[in-house]
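Have a look at the structure below before the remarks.
Just so it is clear, the model here is predicted, and its values are computed rather than measured. Chain identifiers are assigned alphabetically (A, B, ...) following the order of the sequence lines, protein sequences preceding nucleic acid strands; residue numbering begins at 1 within each chain.
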Amino acid sequence: MKDKIRIASGQGFWGDLPSAPIDQVRLANAKSPIDYMMMDYLAEVTMSIMQKQKLRDPKAGYAKDLVEVIESILPDIVEKKIRVITNGGGVNPEACRDAIFALAKRRGIPIRVGIVLGDNILDTLDSVLAHGHELKNMETGEQLTSVRSRVLSANVYFGAMPIVEALRQGAQIVITGRTTDTGLTLAPMIYEFGWSEHDWDKLASGTVAGHILECGAQSSGGNFSADWKSVKDFANIGFPIAEAYPNGEFVITKHPKTGGMVTRQTVAEQLLYEIGDPKEYITPDCIADFTSIQLEDLGKDRVRVFGIKGRPATDSYKVSMSYNDGYSAQGTLTYTWPDAMEKAKLSDKILRSRLKKAGCTFDEMRTEFLGVDSCHGPLTEVDYGQVQEVVVKFAVRGQDKNSIIEFGKNIAPLILTGPPSVTGFAGGRPKPSDVVAYWPALLKKTAVIPRVIVEEVK
Amino acid sequence: MKVQLLQICHARSGDKGDAANVGLIAREEKFYSLIKAKVTAAAVKKHFKGICNGKVERFELPNLWALNFLLHNTLGGGGTVSLKQDAQGKTIASALLRMEIDVPPALMKKQITKTRVVKKRK
């Protein structure tokens with residue numbers, strides 16, 4: 001058993017800094033080693049985008065950027081023995097693996113790749129429902145029947161264990177579909193340290209490490225709210241690395257001579273990110289108690305995290321479904337001094353009047369004044385008379401597509417038929433785009449079985 | 001004395017469905033009991049009048065000198081549906097840091113931070 005392993009965060013979401021995973025691997029050396037790199041590509045809405053891509057092309061439906069990243073790092077990860085774990089397989093891990101095999105063959109580099117399947121229950125949804133699993137909306141309690149015909153994607157969140165199995169079978173790259181972000185980091189700890197799947201405190205520790213790594217640089221100085229001006233060299237920000245020990249403790253750090261910083265405060269901010277009840281951080285692997293977490297700032301971009309307690313996992317998986325919920329569109333105009341806000345407010349009044357006259361119906365129309373109070377609303381203290389220029393943003397959503405199209409046709413006319421000193425209309429008429437809504441549910445773990453396939457290309 | 005939370009706390013926010021979460025962290029341990037006493041769920045609900053349309057839940061994380069708030073019915077339907085500029089509640093954290101609370105002057109003796117609030121231009 002190794003006495004410690006170092007897990008690097010390479011990507012916090014699909015579209016994160018492209019150079020980050022390449023730098024994590026490039027900068028790895030004897031003084032700052034990397035054993036694993038995790039990359040998170042999936043957000044709630046991502047699966048529906050990938051599902052649509054797969055419908056158009058059976059060989060699509062995964063994060064194409066991932067294949068580009070692997071192309072860049074392949075020789076290095078083989079030489080440095082770095083194993084890569086990612087959920088970038090989206091709704092088509094097989095196709096993602098095949099693309100990686102194709103490039104490995106082309107480059108003449110043998111590589112062993114594992115995939116995790118079984119999370120995608122879109123095709124078996126009716127059978128799941130027929131077996132008595134209701135898949136009620138966790139937040140509203142509604143029955144799925146109200147949106148069943150409009151479901152675009154349905155995926156179970158698997159935890160760390162299928163990845164552990166792929167690592168046991170020798171995979172150097174593990175590609176999953178919908179896996180929890182935290183499972184990507186927890187899995188190598190379970191595998192390397194031989195943790196039992198009932199050692200709740202240790203599983204909770206690995207889960208907390210995963211929560212700190214899963215948003216990339218958000219734990220190493222990015223989006224840091226305290227004294228953000230003291231963060232050095234954002235341009236070369238170093239993504240976080242978790243240095244994990246067999247007893248569950250770990251240290252968050254980053255490669256030397258990179259930008260950003262790791263302090264008690266940067267780690268604490270990420271720990272609080274997007275959590276609910278801190279005593280009940282529920283994953284398929286365990287329930288982690290975030291109130292038990294202790295932090296010690298060791299200096300020099302090293303923060304020790306320890307004392308973490310966990311409880312037994314629940315008997316359910318979370319299911320993430322997406323469904324079509326009408327259309328939306330948005331457009332902007334810019335009004336300038338004098339009377340910028342008065343003009344912008346009048347433009348909104350005119351637009352609403354014209355859309356009403358045209359018989360348009362929307363679920364919601366929202367107008368915001370960017371640069372003035374669009375985010376902090378009534379908490380802002382702005383003297384409207386002093387506003388030098390304002391971007392007015394009109395947005396609508398609704399079930400009637402024609403109303404949304406009509407909205408798009410009525411933005412530009414405001415320039416010649418409304419208040420003066422207005423500009424900033426570019427990019428043509430706003431077009432309707434599909435609104436994809438999110439349906440979280442629970443499903444008994446016995447209803448789905450993860451499948452792990454590990455193969456090698458030579 | 002009245003002190004803006006920005007002076008003694010830092011924060012991060014994000015989305016949980018149609019709820020925004022805000023983690024409010026004391027910059028120093030000595031401020032934790034103070035924010036625990038003053039930044040109640042009711043005070044936060046009042047602060048976010050016109051923004052948060054649901055209930056406010058509060059959770060305590062003393063080890064991290066932090067409070068976590070869930071502001072329900074705040075994001076205009078949630079990340080993928082919302083028409084809001086801040087559909088994911090990313091700026092709710094700085095909105096909370098605008099709040100002012102009463103702080104014993106003795107606690108504020110040492111300058112905590114160089115962060116200044118930029119005065120409104122007249």
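- Of the possible polar contacts, none joining the A:Arg366 side chain to the B:Gly76 backbone as a donor-acceptor pair under 3.5 Å is found.
- When A:Ser230, A:Pro278, A:Ala268 are compared by the number of non-hydrogen pairs under 4.5 Å with chain B, A:Pro278 comes out ahead.
- Atom NZ of A:Lys52 is surrounded by more than 12 heavy atoms from other residues, nucleotides or ligands within 6.0 Å.
- Between B:Ile51 and A:Leu379, the shortest heavy-atom contact is CD1-CD1, 3.8 Å.
- Only the side chain of B:Phe48 has a heavy atom closer than 4.5 Å to any heavy atom of chain A.
- For A:Asp363, no part lies under 4.5 angstrom from a heavy atom of chain B.
- Residue A:Ile275 touches chain B through both its backbone and its side chain, counting heavy-atom pairs closer than 4.5 Å.
- Atom OH of residue A:Tyr438 and atom CG of residue B:Asp15 lie 10.0 Å apart, to the nearest 0.5 angstrom.
- Distance check: A:Glu269 CD to B:Ser13 OG gives 9.5 Å after rounding to the nearest 0.5 Å.
- Scanning all heavy atoms of the two residues, the minimum distance from B:Phe59 to A:Gly276 falls at CD1-O, 3.8 Å.
- Annotation: maximal heavy-atom pairing with chain B below 4.5 Å, among A:Lys393, A:Arg264, A:Gln270, occurs at A:Arg264.
- Of all non-hydrogen atoms in B:His10 and A:Ala226, the two that sit nearest each other are CB-CB, 3.3 Å.
- Heavy-atom distances place both the backbone and the side chain of A:Thr380 under 4.5 Å from chain B.
- Proximity to chain B (any heavy atom under 4.5 Å) is restricted, for A:Glu368, to the side chain, taken from C-beta onward.
- Between A:Asp227 and B:Arg27 there is a side-chain heavy-atom pair separated by less than 4.5 Å.
- Atom OH of residue A:Tyr323 and atom OG1 of residue B:Thr80 lie 8.0 Å apart, to the nearest 0.5 angstrom.
- A side-chain donor-acceptor contact under 3.5 Å links B:Asn21 to the backbone of A:Leu272.
- With chain A as the partner, the residue from B:Ala11, B:Gly50, B:Gly23 showing the most heavy-atom pairs under 4.5 Å is B:Ala11.
- Only the side chain of A:Leu295 has a heavy atom closer than 4.5 Å to any heavy atom of chain B.
- The part of A:Val396 that comes within reach of chain B is its backbone (N, CA, C, O), which places non-hydrogen atoms under 4.5 angstrom from that chain.
- For the atom pair NZ (A:Lys279) and CG (B:Leu61), the distance works out to 8.5 Å, reported to the nearest 0.5 Å.
- For B:Leu96, no part lies under 4.5 angstrom from a heavy atom of chain A.
- Side chains of A:Glu274 and B:Arg12 form no contact here, defined as non-hydrogen atoms less than 4.5 Å apart.
- With chain B as the partner, the residue from A:Gly377, A:Gly385, A:Ser374, A:Cys375 showing the most heavy-atom pairs under 4.5 Å is A:Cys375.
- For the pair A:Val435 and B:Val81, the tightest heavy-atom approach, listed with the atom from each and the gap, is CG1-CG2, 4.0 Å.
- Residues of residues 85-95 of chain B lying within less than 4.5 angstrom of chain A, judged on heavy atoms, are B:Gln85, B:Asp86, B:Lys90, B:Thr91, B:Ser94, B:Ala95 in numerical order.
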Exercise. Kindly determine whether B:Glu60 and A:Thr291 satisfy side chain to side chain contact (heavy atoms under 4.5 Å, CB included), including the steps that lead there.
Key: CA-CA 8 Å; B:Glu60 295 165 13; A:Thr291 66; over 6 Å; no
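- Options B:Asn63, B:Leu24, B:Leu83, B:Leu64 differ in how many heavy-atom pairs under 4.5 Å they form with chain A, and the most are formed by B:Leu83.
- Contact of the B:Ile25 side chain with the A:Gln265 side chain is not registered, since no non-hydrogen atoms from C-beta on lie closer than 4.5 Å.
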